[in-house]
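Numbers restart at 1 for each chain; the letters A, B, ... are given by sequence-line order, proteins then strands. All figures in this text were calculated on a predicted structure; none of them were measured in a lab.
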4 protein chains.
Amino acid sequence: MKPKDEKKLQAIFNATLSLTGQEGIVGLTMSKIAKTAKIGIGTLYVYFESKEELVNELYRQLKTGGTLSMIDDLKALPVKPQLLEVWKRTLQYRVENHAQMVFMEQFLNSPFISEESRGLSYQFTAYLTDLLETGQQQMIIKQADEAILMNLLSGYSRQLAAHLVDTKTPLTEKVINESFSLCWDAIKS
Amino acid sequence: MKPKDEKKLQAIFNATLSLTGQEGIVGLTMSKIAKTAKIGIGTLYVYFESKEELVNELYRQLKTGGTLSMIDDLKALPVKPQLLEVWKRTLQYRVENHAQMVFMEQFLNSPFISEESRGLSYQFTAYLTDLLETGQQQMIIKQADEAILMNLLSGYSRQLAAHLVDTKTPLTEKVINESFSLCWDAIKS
Amino acid sequence: MKPKDEKKLQAIFNATLSLTGQEGIVGLTMSKIAKTAKIGIGTLYVYFESKEELVNELYRQLKTGGTLSMIDDLKALPVKPQLLEVWKRTLQYRVENHAQMVFMEQFLNSPFISEESRGLSYQFTAYLTDLLETGQQQMIIKQADEAILMNLLSGYSRQLAAHLVDTKTPLTEKVINESFSLCWDAIKS
Amino acid sequence: MKPKDEKKLQAIFNATLSLTGQEGIVGLTMSKIAKTAKIGIGTLYVYFESKEELVNELYRQLKTGGTLSMIDDLKALPVKPQLLEVWKRTLQYRVENHAQMVFMEQFLNSPFISEESRGLSYQFTAYLTDLLETGQQQMIIKQADEAILMNLLSGYSRQLAAHLVDTKTPLTEKVINESFSLCWDAIKS
DNA sequence: AATGAATGAGGATTCATTCAT
DNA sequence: AATGAATGAATCCTCATTCAT
């Protein structure tokens, strides 16, 4: 990759996200991306060697620039408030960046994904697992297998965000608190 | 659909599921399906008018023959045992039929899905919503918005099953009970 | 060819003519012929070894059963009345059997035509040439090259019949007489 | 149509005409056209969206660039000399451009023809009808129905040209004059 | 660096023909 | 004799990628 123009790069990524939202990753073609990004097809190949590279690069950017980046300032908080804040931010991010979520999900099941990209999937999980472990050590979270706990949080968050977007329900404080309350009741010891 | 040979029809569906599991719905081609099902490409078009029809028909069959069919005998049970049994069966079904789950998920985000197929998505949800409502009337389930409750169950179940398959963890009674215990703590009033 | 059932054979020919009239010889398929003739595709191959044979056979039948058969009783007439009668019958035949005309024309330009079929094209022409020659010997027809005369008659007849069918104009005595009058003025010496 | 390279466009049209001449419009395939025009199949689709568009576009070009364009300078001539000149030019054009004539005829009976293309068919006819009407007003042409007159001219011209090409007879002045003489005798009052 | 015309491998679909019933 | 399911070669068309400008 030899990014020359940051604006063009963003236009390409935005076009890719927008098109995936509309027709799914199945209908994604290089010429549509170029047209939507208002550049020539040839130019696309100046920025990315192939469709596969484009799509993996976008995935990497979303992973590192997305949920992962939003937790750095929270690590000092106690477990429950930290979890609430993570819950809130994650829901917010997922609702506000639905196109990104759709892209990532479809990408994970596509033949385009590289081994390297697949590795990225688990970094946020790792953070959450750590947090839950801390809670268990403090005796405030159930002593169940971490995967059992983790999957509730991540699966619920994913599904709820999708539901809110699908039904165009706004993400109010009430929804955040009610849903987090369920989570907490589920995992607290 | 003009099913002439039930065995061939099943071979086609199995081939489609198997291929989707390997390369995702993006990599699904008619010739691969035919080759995997050990029939001629032309034969595929004797059974289905197009790729779209094939894939929608398979989805319909999975929806009506899958989770939906497993709940008829439970409706007499009290809410909590009924929910536990549904939880158990759903997890079991999802773990044992992972290819089907992957197919359905990818299909929902593909450009192949017809309006009619999209309508099928919500029947199991409707059953669960009913059950939760009954629980609320009996004052044993939280008075939260049903979507808030529903999404926890469905999102968790989906994620947990995927995790078990991914990590090749067997679905033991312990896992079923522990995970259901989380669910129940989350939604009980 | 092993014609077993004359009715079925005619049903096949009628279906072929009807379909050619609707979509041209380009859109002619064996399965459409079978469906229109209300027989199984397999049965078609009991009557004809191939599409090519079917279509050549039909052509032969039209040629020998059509214009060629209508002139036997006229050969005794004097030139002008004979020509008028041929003109009349030919126009009538062409207007009433337009589907046949379309089929023959398209067939002549298709890759299906066999050498043998191509030979059939010229029998009617030969009769007309003879008749014109007789007229020339009797000094009532111009001493021009026969092809020059012939092509006027055949080209005009073809075009006029097509025009009448196209504009749904009925073939009245007036039209027959006026058009023949033109022909006669053209070729008389 | 987005003509990028005029030479390539002409190569495509020439290939199409040549192939139609050989095997008829039935045997016309996109890959044969590409191969004959010495371009890639994909390139064909840069110039034309579909086989149908290609073939309709060619028809339009032949119609507007062919017989229609050859009559502008004649409109000042008196009726008979004008008709003779049109007769001559039309014959010449048809003999010299036989592939075009075959293509247009087959195209008219193909399922490819669009409504728009069908409309083009009648412009030359309209010119001739006008000319004949003028002749009728000047009392030098028979007062017969114009269609009766028209079809003789057009049908004869078509047939004669086809005959000349078929028998490889050169189009001499003698042929032109003799045939026109027949026409004139037919229609003069 | 930017472009888009050119390319052909690959995908969906059709259709003449075969063959077991 | 009659049938139509089964077949795959051949067709139309798409799309990732290249390359000359």
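Taking atom CD1 on Ile12(D) and atom P on dA5(E), their separation rounds to 13 Å, with Å as the unit. Atom P of nucleotide dA2(E) and atom CZ of Phe48(A) are separated by 13 Å, given to the nearest angstrom. Rounding to whole angstrom units, CG of residue Asp5(A) and C1' of dT3(E) are separated by 15 Å. The separation between Lys38(C) atom NZ and dG4(F) atom P is 14 Å, rounded to whole Å. We find that CZ of Phe112(A) is positioned 12 Å from P of dC15(F), with the value rounded to whole Å. The CG atom of Leu44(D) sits 15 Å away from the P atom of dA5(E) (whole-angstrom rounding). Rounded to whole Å, atom C1' of dG11(E) lies 15 Å from atom CG of Leu54(B). Atom CD of Glu23(D) and atom P of dT11(F) are 10 Å apart (whole Å).
At least one side-chain nitrogen or oxygen of Tyr47(D) sits closer than 4.0 Å to the OP1 or OP2 atom of dA6(E). At least one side-chain nitrogen or oxygen of Lys8(A) sits closer than 4.0 Å to the OP1 or OP2 atom of dA2(E).
Heavy atoms of Ile39(D) sit under 4.0 angstrom from primed sugar atoms or phosphate atoms, though from no base atom.
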- Test Leu62(B) against Leu17(B) for side chain to side chain contact (heavy atoms under 4.5 Å, CB included), laying out the working first. CA-CA 11 Å; Leu62(B) 293 178; Leu17(B) 287 172; 4.0 Å; yes
- Task: Please step through ring-ring contact (aromatic ring centres under 6.0 Å, His included) for the pair Phe13(C) and Tyr59(C), ending with a clear verdict.
- Result: CA-CA 10 Å; Phe13(C) 282 158; Tyr59(C) 183 73; over 10 Å; no
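Within the structure, side chain to side chain donor-acceptor pair (under 3.5 Å) pairs that include any residue of residues 8-17 of chain A comprise Gln10(A)-Gln61(A) (at least two apart or interchain).
Gln106(D) meets the side chain to side chain donor-acceptor pair (under 3.5 Å) test with no other residue; sequence neighbours excluded. By the salt bridge (charged side-chain N to carboxylate O under 4.0 Å, His left out) test, Glu116(D) pairs with Arg60(D), sequence neighbours left out.
Listed here is the closest heavy atom pair of Phe112(B) and Asn56(B): O-ND2, 2.9 Å. Contact record, Ser50(D) with Met30(D): C-CE, 4.1 Å, taken as the closest heavy-atom pair.
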Can you give the donor-acceptor pairs under 3.5 Å from side chains of residues 36-44 of chain D to other protein atoms, not counting sequence neighbours?
from, atom 1, to, atom 2, distance (Å)
Thr36(D), OG1, Lys32(D), O, 2.8
Thr43(D), OG1, Gly40(D), O, 3.4

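Bending across the helix from dA2(E)-dT21(F) to dT21(E)-dA2(F), expressed as the angle between its end axes from five pairs apiece, amounts to 0° (10° rounding).
For Val46(C), the listed nucleotide lying nearest its side chain is dT3(F); candidates were dA6(F), dT3(F), dT3(E).
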- Note on the structure: B/S/- along nucleotides 12-21 of chain E (protein heavy atoms under 4.0 Å) is SBBSSBB---
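Lys63(D) places no side-chain N or O within 3.5 Å of a backbone atom of Ser117(D) that could act as its donor or acceptor partner.
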